[in-house]
Amino acid sequence: MRANIFMSMALAIALPLASPLAAQPATTPEATDVPVDPAVFQPVDVFDLEFAADPQISPDGRTIAYVRRSFDRMTDTARSNIWTVDVSSGAHRPILSGTASYSSPRWSPDGKRLAYVTGADRDPQIFVRWMDSGQTARLTELASAPQGLAWAPGGDRLAFTMFVKDKPEPFAKLPTAPEGATWAEPPTVVDDIFYRGDGQGYFEQGTNHLFTVSADGGTARQLTRGDFDHQGAPSW
């Protein structure tokens, strides 16, 4: 009998709390006949938002390159394109736009080239665009996404940081499986304090290091090493 009383009390408390929550999904015209106030921001309205980020002023001060961020309603993903704005007239012009994402615009010291990062081909890589002709060139073939692009003063190199994967040694050496045998997957060894994130799962093991690459393209050169991160945008 006591259990039934406690259950009734719990239901009496839970039902008033649950009613507003149960009504929350029915906040759009498709789900309810109750009119929606257009002045109230709805979750689906996020797809209508656009904003500017990462502005970069050209060396001559006449043009600003920036990242124009938006959201794709059909694929539920964020998108970033690169636009420019003329300082004197205020006219905006897209220079790298489309379904792919482009980010990290960086002017060369002479203002004739613009370096940027995109994964339009496959994985995020460093590209350079000649502003007078619109021609572009891919500079890198990197294993991870580059970050923090910075031109050398002479315009002959670019510095950046990149995540370098690492595979921690297991606590014990397991025997080798016989040829043709089907064994279970080996255990995963984690020795980092921050190893997992909500919505991301387990983080890859490794550290961030500093690299440089020729402005004409080629193999990137790793400058730092060690079991610790080298963070932040490099400065020449």
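Here the structure is a predicted model, which means the values were calculated and not measured.
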Taking a hydrophobic cluster as the set of Ile, Leu, Val, Met, Phe, Trp and Tyr residues connected by side-chain heavy atoms closer than 4.5 Å, whether directly or through intermediates, do F51 and V44 fall within one such cluster? yes
Report the distance from atom OH of Y66 to atom CD of Q56, rounding to the nearest 0.5 Å. 13.5 Å
Closest heavy-atom pair, E50 versus S70, reported as atoms and distance to 0.1 Å, is CG-CB, 3.7 Å
Between atom OG of S108 and atom CG of L114, what is the distance when rounded to the nearest 0.5 Å? 8.0 Å
My understanding is that only residues two or more places apart in sequence, or in another chain, count here; which of them pass ring-ring contact (aromatic ring centres under 6.0 Å, His included) with F127? Y116
If a pair satisfies ring-ring contact (aromatic ring centres under 6.0 Å, His included) and one of its residues is in residues 208-236, list it, with sequence neighbours excluded. F160-F211, H209-H230, F228-H230
Rounded to the nearest 0.5 angstrom, the OG1-CG distance for T63 and D86 is 5.5 Å
Any non-hydrogen side-chain atom of L49 less than 4.5 Å from a side-chain atom of R69? no
Considering residues, nucleotides and ligands other than L223, do more than 12 of their heavy atoms fall under 6.0 Å from its CG? yes
Heavy atoms of other groups near F47 CZ, more than 12 under 6.0 Å: yes
Quick one: are M131 and I95 in side-chain contact, heavy atoms under 4.5 Å? yes
What's the shortest heavy-atom distance between V117 and S104, and which atoms? CG2-CB, 4.1 Å
Any L96 side-chain heavy atom under 4.5 Å of T118 side chain: no
Report the distance from atom CD of Q231 to atom OG1 of T207, rounding to the nearest 0.5 Å. 9.5 Å
Taking the side chain as C-beta and beyond, is there a heavy-atom pair between D54 and P105 under 4.5 Å? yes
Gap between atom CG of D166 and atom CG of D227 - 0.5 Å precision: 6.5 Å
Would you tabulate the side-chain donor-acceptor contacts of residues 142-152 under 3.5 Å, counting partners in other chains and residues two or more places apart, or write 'none'?
| from | atom 1 | to | atom 2 | distance (Å) |
| --- | --- | --- | --- | --- |
| S144 | OG | F163 | O | 3.0 |
| W151 | NE1 | R106 | O | 3.0 |
| W151 | NE1 | W107 | O | 3.3 |

Measure the shortest side-chain to side-chain distance between S101 and S80 over non-hydrogen atoms and say whether it is less than 4.5 angstrom. yes
Is T75 close to T99 at the side-chain level, that is, under 4.5 Å between some pair of heavy atoms? no
Taking atom CG of D37 as the centre, does the number of heavy atoms from other residues, nucleotides or ligands within less than 6.0 Å exceed 12? yes
If you count heavy atoms of other groups shown closer than 6.0 angstrom to CZ of R62, is the number above 12? no
Linking I/L/V/M/F/W/Y whenever any side-chain heavy atoms sit under 4.5 Å apart, do F71 and F41 land together? yes
In terms of hydrophobic clusters joined by side-chain contacts under 4.5 Å, are V67 and W83 together? no
Once you round to the nearest 0.5 Å, how far does CZ of R113 lie from CG of D132? 11.0 Å
Under 3.5 Å, side chain of R138 to main-chain N/O of T140, donor-acceptor pair present? yes
Any salt bridge linking R122 with E141? Criterion: basic side-chain nitrogen under 4.0 Å from a carboxylate oxygen. yes
Residues Q222 and T224: closest non-hydrogen pair is NE2-O, 2.8 Å
Check whether any side-chain heavy atom of T219 lies under 4.5 Å from a side-chain heavy atom of R221, and answer yes or no. no
Which pair of heavy atoms, one from A100 and one from R79, lies closest together, and at what distance? O-CG, 4.0 Å
Minimum heavy-atom separation for V213 to L139, with atom names? CG2-O, 4.2 Å
Taking all non-hydrogen atoms of both residues into account, name the closest pair between W183 and P178 and its distance. CZ2-CD, 3.4 Å
